[in-house]
Amino acid sequence: MMTLAVETDRSGRVVVSVKGEIDQTAAVKLLHKLDRLVAEGRSRIVLDMSEVRFCGAQALSALVRTRARADRAGGWLRLAGTPPHVRKVIAVTDLDRLLPNHEDVAAALLGRRSPAGTAK
């Protein structure tokens, strides 16, 4: 099961906190939420992954699609606090260049990337 919480700051940046497992069904829900945010003009998105227990292939596809849509809208998608087991999946699939991790939400909002392998 996955839950989402969305917060928007005064500058229009959005933090989406994800908790639980992003399986096939949850990936569809996540993609719809992220698509809606971009369509509403909120294309600067930080995805707080710190409480994700599982991230399947469909979730990675949803993140890549969202990143492309956000880029086209002049925004970005940044991951924050990604757990080691999820970072490993992202690295193994060679998506770490497209989906870089930031140590935490604050660093992601500022665009400060974590050195490879050191994010918590």
Side-chain angles (χ1 to χ4, degrees):
M1 173 148 187
M2 177 192 73
T3 61
L4 298 173
V6 178
E7 294 181 36
T8 304
D9 69 11
R10 288 177 287 179
S11 69
R13 299 175 298 184
V14 179
V15 176
V16 178
S17 299
V18 184
K19 294 181 183 180
E21 299 180 359
I22 314 175
D23 59 14
Q24 184 173 0
T25 303
V28 171
K29 177 181 174 184
L30 178 62
L31 179 62
H32 286 246
K33 174 57 86 175
L34 296 173
D35 279 350
R36 191 173 317 118
L37 291 169
V38 173
E40 292 170 353
R42 298 189 286 165
S43 60
R44 294 179 296 158
I45 303 168
V46 171
L47 198 60
D48 181 356
M49 303 278 285
S50 61
E51 295 191 51
V52 172
R53 294 187 310 267
F54 171 80
C55 184
Q58 293 83 1
L60 296 180
S61 175
L63 297 180
V64 170
R65 288 173 60 184
T66 299
R67 180 191 178 272
R69 287 182 179 135
D71 284 349
R72 284 193 302 272
W76 34 258
L77 174 68
R78 298 174 180 164
L79 306 184
T82 309
H85 63 280
V86 176
R87 285 196 322 266
K88 182 177 180 178
V89 171
I90 292 171
V92 166
T93 55
D94 205 27
L95 293 174
D96 49 340
R97 290 175 288 146
L98 290 176
L99 303 170
N101 184 59
H102 297 75
E103 185 174 351
D104 54 29
V105 171
L109 287 169
L110 295 173
R112 290 194 319 243
R113 291 175 56 173
S114 299
T118 63
K120 295 178 183 169

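Values below: every heavy atom of this structure, side chains too, minus hydrogens, waters and symmetry copies.
- Under a hydrophobic clustering in which Ile, Leu, Val, Met, Phe, Trp and Tyr are joined whenever their side-chain heavy atoms come within less than 4.5 Å, directly or via other members, Leu63 and Val16 fall into the same cluster.
- Checked by atom type, the side-chain pair Thr8/Arg42 shows a donor-acceptor distance below 3.5 Å.
- Not one N or O on the side chain of Asp96 forms a donor-acceptor pair closer than 3.5 Å with the backbone of Pro100.
- By the 4.5 Å heavy-atom criterion applied to side chains, Val18 and Met2 are counted as neighbours.
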Ser11 vs Arg44, side chain to side chain contact (heavy atoms under 4.5 Å, CB included): CA-CA, chis, key distance, verdict: CA-CA 10 Å; Ser11 69; Arg44 294 179 296 158; 4.2 Å; yes
Pair Arg65-Leu31, side chain to side chain contact (heavy atoms under 4.5 Å, CB included): steps then yes or no: CA-CA 8 Å; Arg65 288 173 60 184; Leu31 179 62; 3.4 Å; yes
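- Here Gln58 contributes atom CD and Ile22 contributes atom CD1; the two are 11.0 Å apart, rounded to the nearest 0.5 Å.
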Let me have the donor-acceptor pairs involving side chains of residues 66-73, under 3.5 Å, with sequence neighbours excluded, atom names and distances please.
from  : atom 1 : to    : atom 2 : distance (Å)
Thr66 : OG1    : Ala62 : O      : 2.9
Arg67 : NE     : Leu98 : O      : 2.8
Arg67 : NH1    : Asp71 : OD2    : 3.1
Arg69 : NH1    : Asp35 : OD1    : 2.5
Arg69 : NH1    : Asp35 : OD2    : 2.9

Stepwise side chain to side chain contact (heavy atoms under 4.5 Å, CB included) check, Phe54 with Val86: CA-CA 7 Å; Phe54 171 80; Val86 176; over 6 Å; no
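- A distance-only check finds a donor-acceptor pair linking the side chain of His85 to the backbone of Arg53 [under 3.5 Å].
- Nearest approach of Ala108 to Ala80, heavy atoms of both residues: CB-CB, 3.9 Å.
- To the nearest 0.5 angstrom, Ile90 atom CD1 is 5.5 Å from Leu79 atom CG.
- By the 6.0 Å contact criterion, CD on Gln24 is open, its count of non-hydrogen atoms from other residues, nucleotides or ligands being 12 or less.
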Val89 and Cys55: CA distance, side-chain angles, deciding distance, side chain to side chain contact (heavy atoms under 4.5 Å, CB included) verdict: CA-CA 8 Å; Val89 171; Cys55 184; 5.8 Å; no
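- Atom-to-atom distance recorded for Met49:CE and Leu99:CG is 8.5 Å, nearest 0.5 angstrom.
- A continuous path of hydrophobic side-chain contacts links Val38 to Val6 [ILVMFWY only; heavy atoms under 4.5 Å].
- Summarising the geometry, atom CG belonging to Asn101 is positioned 12.5 Å from atom CZ belonging to Arg78; distances are rounded to the nearest 0.5 Å.
- Under a hydrophobic clustering in which Ile, Leu, Val, Met, Phe, Trp and Tyr are joined whenever their side-chain heavy atoms come within less than 4.5 Å, directly or via other members, Leu34 and Val46 fall into different clusters.
- When all heavy atoms of Leu60 and Thr93 are compared, the pair lying nearest together is CD1-OG1, 4.0 Å.
- Within 6.0 Å of NZ in Lys29 there are more than 12 heavy atoms belonging to other residues, nucleotides or ligands.
- For the atom pair NZ (Lys33) and CD1 (Ile45), the distance works out to 10.5 Å, reported to the nearest 0.5 Å.
- If you take OG on Ser61 and CG on Leu30, they are separated by 11.0 Å, rounding to the nearest 0.5 Å.
- In the hydrophobic clustering of this structure, Leu37 does not group with Val15; members are Ile, Leu, Val, Met, Phe, Trp, Tyr whose side-chain heavy atoms approach within less than 4.5 Å, directly or through other members.
- Both Leu47 and Val64 are assigned to one and the same hydrophobic cluster, defined by single-linkage of ILVMFWY side chains at heavy-atom distances under 4.5 Å.
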